[in-house]
Amino acid sequence: MLDQKLIRENPTSVEENLSLRGKVYKISYIHELTIKKKQIDIEISSLQSESKKLSKSIGQVIGESQNKNTQELNDLKKKGNEYRIKISELEEAQRILDEQIRNEIYKLPNFPSKDAPIGKDESDNVQIKTWGDPLIKENLKSHWEIGENLNIFESAKSTKISKSRFITLIGDGARLERALINFMLDMHTKNNYLELMLPALVNSESLTGSGQLPKFSNESFKCSNDDLWLSPTAEVPLTAFHRNNIIDSKQLPLKYVAYSPCFRREAGSYGRDTKGLIRLHQFNKVELYWFCDPSKSIEAHKKITLDAESILKKLNLPYRLVDICTGDLGFSASRTFDLEVWLPSSKCYREISSCSNCLDFQARRSSIRAKIDKKNTYIHTLNGSGLAIGRTMAAILENGQQTDGSVKIPDALVPYFGSNILKTA
RNA sequence: GGAGAGGUGGCUGAGUGGUUGAAAGCGGCUCCCUGCUAAGGAGUUACAGGAGGUAACUUUUGUCGAGGGUUCGAAUCCCUCCCUCUCCGCCA
């Protein structure tokens, strides 16, 4: 959420900053609302002050006299009643205005960072570096072909169980998924991340706090009988973990790692990535998350990205680092580095981690602060996948494939998987 | 799911309509005292927001689980919701 005070006092700069996303944002309406609301806030406060003094004086008069029905008292009470009516009218107006402002302000995305490359869409993203040698050969199999041959996952039965875009992992496939989760959690906890196992169902307030609601209600699954949704990413409960908290600034940065299943409706992506492990309604992910001092978030963003990268390096998977342009930034992000892993069958890099600095955008929505220099200050939040498990498995299958149809397991994973080769039983 | 009991400051806990943001105790902080420690004494100590000031600070509002209501005035009375505990039922 953007700062309401900034919208009220400097609407032009707000519009300019937002327009870096390559779209026009008109905020004159919300600007007027914030001005009106401020006036009402001031008026209410001064009326409350007068009314409070009056009530105290009534208390005094009653205390001093035996007779509780004097003309003086009745006049004072009458005056108090007038205050009460006036205040409640203003409070009603304030409530309506506040709701209108929230409705509007919650739909405004975060400001893009000045450091992010300016651009319209995906095609303007900037490759910062590559790591490893991309495997380029003819007759390479896709991961779903490999998976089918090895019988480690399948879709048809899963479609019967649920619908399309669900998958069942079988035997060594399930084992490999589990190995990847444990491997990543161990790596990150050794690197001073505190592991959390969070609720997979989250309420509307939590989704609003991290930015998924109200604008993207179409992208998550909702439980019809409750105010609960299937969490689309651990970023949601992680942000909500400290909602309405004032964190001791000595504890910053707080670094968390959480494994969670993620559920996404993938509305609007019909026909894309229909095969394999790339785009599913349910997938597993290990998420990294920082709550940090606002003055240190740029440095923290580099670190969280390095921490995600370290997994790809350990697994010896070729990847590249991409600086997401202003037009392609997610709603809550101010700057995002994507890690894209090489998928030889499609001869391209595919996103496997997205590391974002949200500045105080989520902290403001979720009211997460720390006392810094004696003032309660919204902290900065950063999130990054470390990594998406299903896509990591896809990359391992494709990059490790052997001519005999087996798959070489990366050395770092062998202790977790229990074998250095994945082949038909 | 049924029945009952609760939710008050960092903690324990008093407070059923009036100058009460809240007694008392513990804890915290400051100072004093004895060589150090232990013990003791005096004082001080909720939080959040707004406005003003470079700042120390001043001022104002709100807050006793949350949100409404009654009243000139609510921690206290009424309603709704959330949460915790106990018993029963169910259950991994």
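So you know, we letter chains A, B, ... as the sequences are listed, proteins then strands, and number each from 1.
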Q: Around K408(A), counting heavy atoms of other residues, nucleotides and ligands shown, do more than 12 lie under 6.0 Å from its NZ?
A: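 Atom NZ in K408(A) is crowded, with more than 12 foreign heavy atoms closer than 6.0 Å.
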
Q: Taking NZ, NE, NH1 and NH2 as the nitrogens, is one of them in D360(A) or R364(A) under 4.0 Å from a carboxylate oxygen of the other?
A: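 Yes.
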
Q: Can you list, by residue number, the residues of residues 363-373 of chain A that have a non-hydrogen atom closer than 4.0 angstrom to RNA chain B?
A: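 R369(A), K371(A) - these, ordered by number, are the residues of the stretch whose heavy atoms sit under 4.0 Å from the strand.
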
Q: Please state the C1' separation for the pair rU80(B) and rU86(B) - nearest whole angstrom.
A: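 Each nucleotide's C1' atom is 24 Å from the other's.
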
Q: Students often get this wrong, so: under 4.0 angstrom with heavy atoms, is K79(A) touching a base, only sugar-phosphate, or nothing?
A: nothing

Q: For the P atoms, the ones on rU76(B) and on rG4(B), what distance do you get once it is rounded to whole angstrom?
A: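 It works out to 23 Å between them.
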
Q: Could you tell me if N203(A) and D227(A) have a donor-acceptor pair between their side chains, going purely by distance under 3.5 Å?
A: no

Q: What does rC31(B) pair with, Watson-Crick or G-U, if both distances are under 3.5 Å?
A: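 Checking every strand shown, rC31(B) finds its partner in rG41(B), with both distances under 3.5 Å.
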
Q: So I58(A), base contact, sugar-phosphate only, or nothing? Heavy-atom distance under 4.0 Å.
A: base

Q: Base, sugar-phosphate, or nothing for I246(A), non-hydrogen atoms under 4.0 angstrom?
A: sugar-phosphate

Q: Just to verify, what does E177(A) make a side chain to side chain donor-acceptor pair (under 3.5 Å) with, not counting sequence neighbours?
A: N284(A)

Q: Using atom C1' of each nucleotide, how far apart are rA14(B) and rG25(B) to the nearest Å?
A: 11 Å

Q: Paired with rA23(B) by Watson-Crick or G-U wobble geometry, both distances under 3.5 Å: which nucleotide is it?
A: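 The base-pairing partner of rA23(B), which may sit in any strand shown, does not exist here.
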
Q: How far does the P atom of rG27(B) sit from the matching atom of rG21(B), given to the nearest Å?
A: 28 Å

Q: So if I apply the side chain to side chain donor-acceptor pair (under 3.5 Å) rule between H143(A) and each of E398(A), Q401(A), R391(A), which one comes out positive?
A: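 The residue from E398(A), Q401(A), R391(A) that satisfies side chain to side chain donor-acceptor pair (under 3.5 Å) with H143(A) turns out to be E398(A).
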
Q: In whole angstrom, give me the gap between the P atoms of rG65(B) and rG2(B).
A: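 Looking at atom P only, rG65(B) and rG2(B) are 25 Å apart.
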
Q: Across all strands shown, which nucleotide pairs with rA51(B) by Watson-Crick or G-U wobble geometry, both distances under 3.5 Å?
A: rU58(B)

Q: Just name whichever nucleotide pairs with rC77(B), Watson-Crick or G-U, keeping both distances under 3.5 Å, else none.
A: rG69(B)

Q: For S334(A) and S113(A), indicate whether the former's side chain and the latter's backbone hold a donor-acceptor pair under 3.5 Å.
A: yes

Q: So where does chain A start and stop touching RNA chain B, 5' to 3', when the test is distance under 4.0 Å to a non-hydrogen atom?
A: rG18(B) to rG73(B)

Q: At 4.0 Å (heavy atoms only), tell me whether G80(A) reaches a base, stays on the sugar-phosphate, or touches nothing.
A: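 Result for G80(A) = sugar-phosphate.
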
Q: Please work out if K78(A) contacts a base, only the sugar-phosphate, or nothing of the nucleic acid, heavy-atom cut-off 4.0 Å.
A: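 Here K78(A) touches no strand at all.
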
Q: Does one side chain, of T381(A) or Q362(A), offer a donor that lies under 3.5 Å from an acceptor on the other?
A: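 Checked: T381(A)/Q362(A) side chains pair up, N/O donor to acceptor below 3.5 Å.
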
Q: Would you indicate whether K423(A), at its atom NZ, is surrounded by more than 12 heavy atoms from other residues, nucleotides or ligands within a distance under 6.0 Å?
A: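 For K423(A), atom NZ is not crowded (no more than 12 foreign heavy atoms under 6.0 Å).
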
Q: Go ahead and name the base partner of rU63(B); Watson-Crick or wobble counts if both distances stay under 3.5 Å, otherwise write none.
A: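 With both distances under 3.5 Å, rU63(B) matches rA46(B).
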
Q: Expressed as a whole number of Å, how far does the P atom of rC85(B) sit from that of rG13(B)?
A: 16 Å

Q: Classify the ring geometry of H281(A) against F166(A): parallel below 30°, tilted from 30° to 60°, perpendicular beyond 60°.
A: tilted

Q: Here's a test of your reading of the structure: between K53(A) and L76(A), which maps to the more 5' nucleotide of RNA chain B?
A: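 That would be K53(A).
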
Q: Considering Watson-Crick and G-U wobble pairs with both distances under 3.5 Å, what does rG9(B) pair with?
A: none

Q: By nearest heavy atom, map N376(A) and E82(A) onto RNA chain B; which one lands nearer the 5' end?
A: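 Nearer the 5' end of the strand: N376(A).
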
Q: Can you tell me how far P in rA66(B) sits from the matching atom in rG53(B), rounded to whole Å?
A: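 Their P atoms lie roughly 34 Å apart.
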
Q: Expressed in whole Å, how much space separates the C1' atoms belonging to rA75(B) and rG6(B)?
A: 15 Å

Q: Hunt down the Watson-Crick or G-U wobble partner of rU86(B), both distances under 3.5 Å, from any strand shown, or write none.
A: rA3(B)

Q: Could you check if a side-chain atom of W144(A) sits within less than 4.5 angstrom of a side-chain atom of L277(A), using non-hydrogen atoms only?
A: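 Contact flag for W144(A)/L277(A) side chains = no.
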
Q: I need the K375(A) NZ to S249(A) OG distance, nearest 0.5 Å.
A: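 Reported value, rounded in 0.5 Å steps: 14.5 Å.
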
Q: With sugar-phosphate meaning primed atoms plus P, OP1 and OP2, does D41(A) contact a base, only sugar-phosphate, or nothing at under 4.0 Å between heavy atoms?
A: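 No contact at all - D41(A) keeps every heavy atom at 4.0 Å or more from the nucleic acid.
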
